[in-house]
There are 2 protein chains.
Amino acid sequence: MYKMDQAACKNWRETPLHLRLEKLEFLEEDDFSKLDALLAYREEADPGEWVVQEDQETDRTYVLLNGWMFRFKTFEDGRRQILNFMLPGDIIGLHSLMLRRADYGAEALTPVHMAVFPSSDLVNSLANAPRLLLALSWIAGQSERLLDEHITRVGRRGAVERMAHLLVELYVRMRRIGAELDEARALPLTQEIMADALGMSHVHANRSFRTLCRDGSVAFVDGRPTIIDVIKLAQRGNFEKTYLEQPEVPDDVERASKVLPGTN
Amino acid sequence: MYKMDQAACKNWRETPLHLRLEKLEFLEEDDFSKLDALLAYREEADPGEWVVQEDQETDRTYVLLNGWMFRFKTFEDGRRQILNFMLPGDIIGLHSLMLRRADYGAEALTPVHMAVFPSSDLVNSLANAPRLLLALSWIAGQSERLLDEHITRVGRRGAVERMAHLLVELYVRMRRIGAELDEARALPLTQEIMADALGMSHVHANRSFRTLCRDGSVAFVDGRPTIIDVIKLAQRGNFEKTYLEQPEVPDDVERASKVLPGTN
DNA sequence: CGCAGATTTGAGATCTGTCAAGGGATGTGG
DNA sequence: CCACATCCCTTGACAGATCTCAAATCTGCG
């Protein structure tokens with residue numbers, strides 16, 4: 001799903017973001033055409049490339065079409081904390097809409113394709129597409145939940161549990177956007193990346209990962225951390241099924257949204 | 001500032017949220033009157049009272065007018081992680097707009113006054129007040145930055161540094177919403193609350209706090225953790241000045257916002 | 001006074017970080 | 001093809017940080 005070639009997603013409505021938004025029944029044809037206008041311009045980046053510089057002033061919003069990225073913060077002394085992973089269909093810098101400085105960096109983890117537009121464009125589209133903005137706030141709400149969970153993971157889970165929990169989350173998110181089993185199981189992560197995400201040293205990340213390997217829930221395949229037994233991994237990580245279930249849109253919101261004015 | 005009595009803030013535009021939004025120059029009289037309509041209904045809660053139940057289905061949005069609250073997650077085995085602290089002017093459940101279930105709880109830390117409205121009301125108001133929605137997304141962006149910082153704090157800072165950093169953040173946020181020095185210095189926290197926020201045991205929270213006491217940067221006054229020397233505390237916490245500076249609204253967004261349609 | 005909740009301290013067990021070294025895969029240039 | 005560099009994974013040993021358990025102290029309150 002997220003592997004579609006560039007040509008395919010450049011030409012029509014096949015981006016993961018589209019697929020995600022199609023679940024919102026109140027969106028109309030008109031909203032999608034406005035979205036298309038926003039997503040017209042595309043950029044690419046290679047692994048390790050910085051898309052957003054830390055502390056850089058920016059007014060750009062990115063929609064990840066293909067590949068993985070992550071947001072992070074670094075300290076002067078070299079410490080780094082990864083804030084979250086961005087998968088196809090995720091949006092970076094929605095809030096940069098109103099905040100001039102990005103106090104985080106964003107880096108490509110794999111080769112990526114992105115749609116890019118200046119935040120002020122969003123403001124303009126927004127004027128006559130309130131339903132679209134609602135849809136974007138839905139996306140934003142989902143990623144804020146992920147931040148909540150990440151705080152809990154880093155703050156209150158032991159090292160092995162923490163790693164298991166993260167891997168399951170990534171697996172579930174990949175599956176949710178339509179990735180095949182094999183794609184969702186083989187994660188494009190190094191142990192150092194996992195360590196920086198989980199707030200531990202890379203040495204300890206290795207020990208934790210090896211523990212999971214001995215349990216038979218994960219393994220290294222072709223140089224990638226790979227999930228072998230999701231059930232076992234989820235148990236090891238105390239992963240709650242309810243978390244990350246496809247969020248539904250409440251009926252009243254659905255109803256209220258349908259009467260929002262369109263273009264005309 | 002956040003100590004205003006209920007009568008005062010019930011009758012006119014003196015809530016911390018109003019004061020915060022007044023900094024957005026593109027908002028017009030009309031937007032504020034729509035906001036007033038949303039904020040008409042008020043509720044109160046006592047310390048320890050749960051305002052949002054974990055995993056409860058909810059369609060309500062809260063605007064904190066007065067006092068402190070926090071959001072949290074708990075585990076079956078009793079572990080608890082505090083996700084963030086809400087100060088006057090903060091909004092709880094903006095994203096519950098589109099997500100039915102709250103996967104966190106929210107609890108009053110002091111006696112609180114809140115404005116409450118059903119999320120669907122927001123959708124309705126939003127239809128003809130795009131500027132107001134922009135303003136709310138500005139608020140949402142700010143609190144998302146706080147989550148980022150909290151992840152970094154919990155993931156990559158040592159115990160003493162972590163505590164110092166949190167205390168300075170709370171102090172700065174209080175000052176930013178207009179609290180007097182004495183109000184901002186005396187924090188309504190117990191050591192157990194700090195421990196749960198910082199992802200450490202309450203025993204270790206005590207040891208870390210005592211260390212800060214010996215440094216002369218904090219003390220216990222009238223049963224409250226109290227900041228004695230902010231400068232020293234900020235140094236101990238590697239607190240960066242740039243972080244939490246009053247975010248400005250980019251010029252182009254400001255310009256684009258001004259031409260958004262008003263009521264009629 | 002006596003209770004409940006919060007802080008404080010000590011001691012030992014456990015977890016995690018740091019330092020150091022080695023191995024394996026991949027890619028490049030000679 | 002080899003030598004070499006680089007990047008990542010792996011392991012051991014030890015130091016340091018943090019947790020748990022347990023008990024003592026303090027404080028506000030009825």
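Computed over heavy atoms, backbone and side chain alike; hydrogens, waters and symmetry mates excluded. Please read these numbers as outputs of a predicted model, since none were measured by experiment. Every chain is numbered from 1 and lettered A, B, ... according to where its sequence line falls, protein lines coming before strand lines.
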Next item on the list: Return the orientation label for the A:F220 and A:F209 ring planes: parallel under 30°, perpendicular over 60°, tilted otherwise.
Entry: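 Perpendicular.
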With rounding to the nearest 0.5 angstrom, report the CH2 to CZ distance, A:W68 to A:F85.
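So the gap between those two atoms works out to 7.0 Å.
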Between [options], which one does the side chain of [X] approach most closely?
| X | options | value |
| --- | --- | --- |
| A:H202 | C:dT16, D:dC19, D:dT10 | D:dT10 |
| A:V203 | C:dT8, C:dA20, D:dT18 | C:dA20 |
| A:R207 | D:dA13, D:dC21, C:dT8 | D:dA13 |
| B:M200 | D:dT10, C:dT16, D:dC19 | D:dC19 |
| B:T190 | C:dT7, C:dG17, C:dT8 | C:dT7 |

Note to self: Distance alone, cut at 3.5 Å: any donor-acceptor contact between the side chains of B:R173 and B:Y171?
What the structure shows: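 No.
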* Asked: Going by distance alone, is a donor N or O of one side chain under 3.5 Å from an acceptor N or O of the other, for B:D196 and B:Q81?
  ->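 Distance-only check fails for B:D196 and B:Q81.
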Scan [X] against the nucleic acid and name what it touches under 4.0 Å (heavy atoms): base, sugar-phosphate only, or nothing.
| X | answer |
| --- | --- |
| A:G199 | sugar-phosphate |
| A:R79 | nothing |
| B:R162 | sugar-phosphate |

Could you state the atom-to-atom distance from [atom1] of [X] to [atom2] of [N] in whole Å?
| X | N | atom1 | atom2 | answer |
| --- | --- | --- | --- | --- |
| B:E192 | C:dT7 | CD | P | 8 Å |
| A:E161 | C:dC15 | CD | C1' | 14 Å |
| A:L212 | D:dT10 | CG | C1' | 16 Å |
| A:F220 | C:dA25 | CZ | P | 13 Å |
| A:N206 | D:dT10 | CG | C1' | 5 Å |
| B:H204 | C:dG10 | NE2 | C1' | 15 Å |
| A:D196 | D:dC9 | CG | P | 12 Å |
| A:R224 | D:dC7 | CZ | P | 19 Å |

Would you say B:Q191 places a side-chain N or O within less than 4.0 Å of OP1 or OP2 belonging to C:dG5?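 The answer is no; no side-chain N or O of B:Q191 sits under 4.0 Å from OP1 or OP2.
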| Can you find a pair of side-chain heavy atoms, one from B:D215 and one from B:V160, that are under 4.5 Å apart? |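 Sidechains of B:V160 and B:D215: no contact.
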